[in-house]
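Structure first, then comments.
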Amino acid sequence: MISHSKHKFAKYFLPDQKKAKRRSFKKAEIIKSIFKLTPQLKKLGENKLAYIKTYGCQANIRDSETIIGILKQCSYDLTNDQTKADLIILNTCAIRENAEQKVFGELGHLKHAKKKKDVLIGVCGCMVQQPHVAKQLRSQTKHVDFVFGTHNIHMLPEILLSLEHNKRNFCVFSEEGKIYEDLPVTHTSTVKAFVNITYGCDKFCSYCVVPMVRGSLRSRKKEDIIAEVKQLMANGYKEVTLIGQNVNSYGIDLYKDYFFVDLLIDVAKTKIPRLRFTTCNPWNFDEKIIVAMVKYKNIMPAIHLPIQSGDEKILKAMNRTMDINKYYEIIDQLRKKLPSVSISTDLIVGFPNETDEQFAKTIEMYERIKFDNAYTFIYSPRKDTPAAKIDDKICLATKQKRLAQLNELVRKYAKWNCDRYIGKTVKVLVEGASKKNKNVLTGYSPEWKVVNFNGTAKIGDIVEVKVLTSSRFSLNGIQI
């Protein structure tokens, strides 16, 4: 492994928000073949069990897959039973205050668990990249043994080794970020996988901490992405999802004439059976993406287009300068050229000083588009973001009432969209037995609909299912 001797593990390295905001716009350093463990590091986890709990988005899920891959290289076995674990890692999310509260609640429970058993407890991910959270962890959670950030997952073996000599290890760096290739990965599924195409973000929406906790936009080389997809195919994977904070931004930091739609086409040409991508922000949406989705049938007809609000003044205050009519045009083009497409979005209710009239525009937009699904949230102020400094005169009760009204529409049109599949046949990638009924199989349709069905298919099969009934967010049928 790369030596990190300049960072003496006995000391604390806490994040710096001002440093995290800086952008030099230089090409990210790509580091390969870093992961070479010494015999001592390979034996760290012998006869030990590790438990990983993941909060947040696809990026965090993918990071946890790397963490698990690293731990397995260190001889740890994984357990789903937290009480049996010798090592517990919480991979955290910082997008909302509620996410942080859940983590601190979990750490409260772990404090009592640690009194019963000698267990190492670590916290990582986006949450710890915030200085105020890192300081709180350091001062108020003495039972937390180690903390590492989004930029130094690869250092996990050395951090664990350092705990043999130091009581605690807080090692969180604030930087624009590098790209580490060739790190070991253990995917949570045997049939579908996330593939990072970018890391970080340079958009700086006024409410969002992601640019600070994830670093600057860094695009992976197209050759590395395509090689990863081909390797997944060789290992039997049927579906990949290209992920990034904003996949539309792929390539602008790395190439002069090769961008997301070019990568999308090249990955589709690998003939992976199913190809998806997220998140695809609408303000720099390239309509060539629609053309590619029509031409390459293995690009699934499902798209997530976060808009956040139906009011342009609110969008401007969010630093998301999106013309609502342009957004409608994108939706209309998608549905015209891909009639089966499903469309989902993100919406924030109660952005500081949002008026009743402005909220009404979000409702009007939802009624017009009739999204298949939406992830809805009450605005949560994030420390050191521009929006958090606004004197907000809207009370929580008003925001909660608005959220309830919006969620009624989400449920209404989710069911309306699912009902349209009744009597139709859909192709389902089988993922296993339903959690609610082990005698029922489950998987996803191309349109990202959960399909529960009776049949004899095996995990990884793509089978035809006739839809007989629907619930609010899923379809039910029988294999034909």
Side-chain angles (χ1 to χ4, degrees), residues 4 6-9 11-26 28-29 55-57 59-60 63 90-104 107 122-141 144 146-155 159 168-180 198-218 244-246 249 253 281 308 317-320 348 351-352 377 379-392:
H4 296 279
K6 65 177 180 179
H7 301 302
K8 295 181 180 178
F9 284 125
K11 295 183 179 181
Y12 292 96
F13 294 90
L14 297 180
D16 180 337
Q17 198 84 318
K18 289 184 179 179
K19 187 176 180 181
K21 290 179 181 179
R22 294 173 189 161
R23 295 292 185 268
S24 65
F25 298 104
K26 295 179 181 178
E29 182 182 1
Y55 302 79
C57 67
N60 274 27
D63 283 350
L90 306 184
N91 187 6
T92 64
C93 173
I95 201 72
R96 286 168 206 88
E97 185 179 6
N98 185 48
E100 292 181 11
Q101 291 173 344
K102 287 182 179 178
V103 172
F104 279 108
L107 288 174
V123 185
C124 66
C126 294
M127 197 173 104
V128 306
Q129 290 286 155
Q130 301 171 101
H132 70 284
V133 174
K135 290 174 183 176
Q136 185 177 351
L137 284 168
R138 178 180 175 181
S139 63
Q140 297 180 18
T141 57
V144 172
F146 64 101
V147 171
F148 61 99
T150 59
H151 299 302
N152 62 325
I153 293 172
H154 61 284
M155 293 172 62
I159 290 172
R168 304 179 85 194
N169 185 326
F170 278 51
C171 198
V172 183
F173 307 137
S174 292
E175 57 183 38
E176 290 185 82
K178 302 178 178 67
I179 294 175
Y180 293 93
T198 66
Y199 302 95
C201 182
D202 292 337
K203 292 298 183 185
F204 288 97
C205 297
S206 68
Y207 55 84
C208 185
V209 297
V210 168
M212 284 76 83
V213 300
R214 284 279 173 183
S216 65
L217 171 70
R218 287 109 64 205
Q245 259 63 49
N246 178 15
S249 295
D253 60 317
N281 284 320
Q308 306 299 1
M318 290 177 170
N319 196 29
R320 293 176 67 91
I348 294 174
F351 188 80
F377 312 94
Y379 165 74
S380 178
R382 302 283 73 210
K383 188 176 174 62
D384 293 326
T385 60
K389 300 173 184 177
I390 301 173
D391 181 19
D392 187 10

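All heavy atoms count here, side chains included; hydrogens, waters and symmetry mates do not. In this chain, numbering begins with 1 at the start of the sequence shown.
- Looking at Phe25 and Asp253, their side chains never come closer than 4.5 Å, going by heavy atoms from C-beta outward.
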Output, in order, the C-alpha distance, side-chain angles, deciding distance and verdict of salt bridge (charged side-chain N to carboxylate O under 4.0 Å, His left out) for Arg214 and Asp63. CA-CA 12 Å; Arg214 284 279 173 183; Asp63 283 350; 2.8 Å; yes

If you apply the rule side-chain contact (heavy atoms from CB on, under 4.5 Å), what do you find for Val128 with Phe148, and how did you get there? CA-CA 7 Å; Val128 306; Phe148 61 99; over 6 Å; no

Could you give the side-chain donor-acceptor pairs of residues 198-205 under 3.5 Å, partners two or more places apart or in another chain?
unit_1, atom_1, unit_2, atom_2, d
Asp202, OD1, Arg23, NE, 2.6
Asp202, OD1, Leu217, N, 3.2

Show me the donor-acceptor pairs within less than 3.5 Å that the side chains of residues 91-100 make with the rest of the protein, sequence neighbours left out.
unit_1, atom_1, unit_2, atom_2, d
Asn91, ND2, Asn60, O, 3.1
Asn91, ND2, Ser64, OG, 2.9
Thr92, OG1, Cys124, O, 2.7
Thr92, OG1, Met127, N, 3.2
Glu100, OE2, Gln130, NE2, 2.8
Glu100, OE2, Arg382, NH1, 2.6

Dump the intermediate steps for side-chain contact (heavy atoms from CB on, under 4.5 Å) on Gln136 and Phe104, then the final yes or no. CA-CA 10 Å; Gln136 185 177 351; Phe104 279 108; 3.5 Å; yes

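- Atom CG of Leu137 sits about 5.5 Å away from atom CZ of Phe170, to the nearest 0.5 Å.
- For the pair Thr385/Cys208, no side-chain contact is recorded, criterion being any heavy-atom separation below 4.5 Å from C-beta on.
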Evaluate the criterion side-chain contact (heavy atoms from CB on, under 4.5 Å) for residue pair Arg320 and Asn281; output intermediate values, then yes/no. CA-CA 10 Å; Arg320 293 176 67 91; Asn281 284 320; 3.8 Å; yes

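- Of the possible polar contacts, one joining the Ser206 side chain to the Ala317 backbone as a donor-acceptor pair under 3.5 Å is found.
- Between Arg22 and Glu176 the shortest heavy-atom distance is O-CG, 3.6 Å.
- The closest side-chain heavy-atom distance from Ile159 to Asn152 is below 4.5 Å.
- Without hydrogens or angle criteria, Gln129 side chain to Thr150 main chain gives a donor-acceptor distance under 3.5 Å.
- Contact between Leu90 and Tyr55 at its shortest, heavy atoms only, is CB-CE1, 4.3 Å.
- Of all heavy-atom pairs spanning Pro131 and Pro15, the tightest one is CG-O, 3.5 Å.
- Environment of NZ in Lys21: crowded, with over 12 heavy atoms of neighbouring residues, nucleotides or ligands closer than 6.0 Å.
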Passes side-chain contact (heavy atoms from CB on, under 4.5 Å), Tyr207 versus Asn319? Steps please. CA-CA 9 Å; Tyr207 55 84; Asn319 196 29; over 6 Å; no

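- Aromatic rings of Phe173 and His151 (six-membered ring for Trp) have centroids beyond the 6.0 Å cut-off, not under it.
- With sequence neighbours excluded, the residues forming a side chain to side chain contact (heavy atoms under 4.5 Å, CB included) with Asp392 are Pro352, Asn353, Ile394, Lys399, listed by chain and number.
- Judged purely by atom type and a 3.5 angstrom limit, Asp16 uses its side chain to pair as donor or acceptor with the backbone of Lys19.
- Smallest separation of non-hydrogen atoms from Gln17 and Lys383: NE2-O, 3.8 Å.
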